[in-house]
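Note sheet for the following structure.
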Amino acid sequence: QVQLVESGGALVQPGGSLRLSCAASGGTISRFAMAWFRQGPDKEREFLVSVSRDGRGKNYRDGRFAISRDNGRNTLYLQVNTLQREDTAVYYCAGAYPDSDSLAPIQEEDYSLWGQGTQVTVSS
């Protein structure tokens, strides 16, 4: 049973940057398409960025979010730049198994493996 654990969330000022981590255990993240989602207060979970199993396919919400993977450490990362108050949310990593190795799904329902999230708060 693969488990995902997010970390790196913090209180930051507007305009700051943050790198979140998603550590996997019980399996390798290279088996899955991986993604980051977030859920703000009183909001639905929304897609941020994803990468396919073979790394050929990537999707992203906007250029402030960058996904990367260190297979040696079995860890996924999310770099977020120019944080604003509306970025305040719980950030989740997730894994999916699409039919194609080059697909990077963007819909929540395509992902079956989820971490518990890490809190990012942007405030001055």
Side-chain angles (χ1 to χ4, degrees):
Q1 186 76 257
V2 179
Q3 296 184 14
L4 304 175
V5 179
E6 301 92 338
S7 63
L11 172 65
V12 298
Q13 294 186 355
S17 299
L18 205 58
R19 189 179 76 159
L20 307 181
S21 299
C22 174
S25 61
T28 174
I29 60 172
S30 66
R31 296 173 56 197
F32 304 96
M34 300 294 296
W36 288 93
F37 292 77
R38 71 182 180 190
Q39 187 167 15
D42 301 319
K43 296 180 180 179
E44 294 185 351
R45 192 168 298 179
E46 65 176 347
F47 167 80
L48 296 176
V49 62
S50 62
V51 61
S52 62
R53 284 195 295 270
D54 62 9
R56 293 174 180 263
K58 291 182 180 178
N59 289 298
Y60 58 91
R61 184 175 183 269
D62 64 55
R64 297 190 300 116
F65 305 101
I67 192 169
S68 62
R69 181 174 59 201
D70 187 336
N71 288 335
R73 295 181 178 178
N74 206 24
T75 301
L76 186 77
Y77 300 97
L78 175 68
Q79 178 71 36
V80 188
N81 298 322
T82 319
L83 284 159
Q84 303 298 319
R85 288 182 175 85
E86 56 265 33
D87 294 318
T88 294
V90 177
Y91 284 69
Y92 299 89
C93 65
Y97 199 82
D99 293 337
S100 173
D101 288 343
S102 61
L103 290 178
I106 64 173
Q107 298 187 43
E108 179 182 355
E109 57 264 32
D110 289 323
Y111 290 85
S112 59
L113 181 65
W114 293 86
Q116 293 186 337
T118 184
Q119 177 71 48
V120 174
T121 302
V122 184
S123 177
S124 59

Give the intermediate values and the outcome of side chain to side chain contact (heavy atoms under 4.5 Å, CB included) for residues Thr88 and Gln119. CA-CA 8 Å; Thr88 294; Gln119 177 71 48; 4.0 Å; yes
Quick one: CZ on Arg56 to OG on Ser100, what's the gap to the nearest 0.5 Å? 10.0 Å
Please check if atom CD in Glu44 has more than 12 non-hydrogen atoms from other residues, nucleotides or ligands closer than 6.0 Å. no
Taking a hydrophobic cluster as the set of Ile, Leu, Val, Met, Phe, Trp and Tyr residues connected by side-chain heavy atoms closer than 4.5 Å, whether directly or through intermediates, do Trp36 and Val12 fall within one such cluster? yes
Other residues, nucleotides, ligands: >12 heavy atoms within 6.0 Å of Gln3 CD: no
To the nearest 0.5 Å, what is the distance between OG1 (Thr75) and CE (Met34)? 10.0 Å
Between Ile67 and Lys58, the two heavy atoms sitting closest are O-NZ, 4.2 Å
Among Asp87, Val122, Val120, the one residue meeting side-chain contact (heavy atoms from CB on, under 4.5 Å) with Leu18: Val120
Check for a donor-acceptor pair, side chain of Ser50 on one end and backbone N or O of Pro105 on the other, with a separation under 3.5 Å. yes
For the hydrophobic clusters of this structure (ILVMFWY residues joined by side-chain heavy atoms under 4.5 Å, transitively), does one cluster hold both Trp114 and Val90? yes
Side chains of Ser112 and Tyr97: closer than 4.5 Å at any heavy-atom pair? no
Determine whether more than 12 heavy atoms belonging to other residues, nucleotides or ligands lie under 6.0 Å from atom CZ of Phe65. yes
Within this structure, what is the OG-CG distance for the pair Ser21 and Leu76, rounded to the nearest 0.5 Å? 9.0 Å
Any idea which heavy atoms bring Ala104 and Tyr111 closest together, and the distance? C-OH, 4.3 Å
Looking at every non-hydrogen atom in both residues, tell me the closest pair between Cys93 and Glu6 and how far apart they are. N-OE2, 2.8 Å
Start with the C-alpha distance between Val49 and Arg61, add both sets of side-chain angles, then the distance that settles side chain to side chain contact (heavy atoms under 4.5 Å, CB included), and finish with yes or no. CA-CA 6 Å; Val49 62; Arg61 184 175 183 269; over 6 Å; no
Give me the atom names and distance for the closest heavy-atom approach of Ser123 to Leu11. CB-CD1, 4.1 Å
Nearest atoms (heavy-atom pairs only) where Arg31 meets Val2: NH1-CG2, 4.3 Å
Under 4.5 Å between any side-chain heavy atoms of Ser52 and Leu103, yes or no? no
Please name the residue in the list Gln116, Glu108, Gln39 that meets the side-chain contact (heavy atoms from CB on, under 4.5 Å) test with Tyr92. Gln39
Do we get Arg45 above Phe37's six-membered ring, with its NZ or CZ under 6.0 Å from the centre and within 45° of the axis? no
Using atom types as modelled and distance alone, determine if a side-chain donor or acceptor of Arg64 lies under 3.5 Å from a backbone N or O of Thr82. yes
About how many Å separate OH of Tyr60 and CZ of Phe47, when rounded to the nearest 0.5 Å? 10.5 Å
Shortest non-hydrogen pair, Arg53 vs Pro98, comes out as NH1-O, 2.8 Å
Without swapping roles, check the side chain of Asn74 against the backbone of Ala24 for a donor-acceptor pair under 3.5 Å. yes
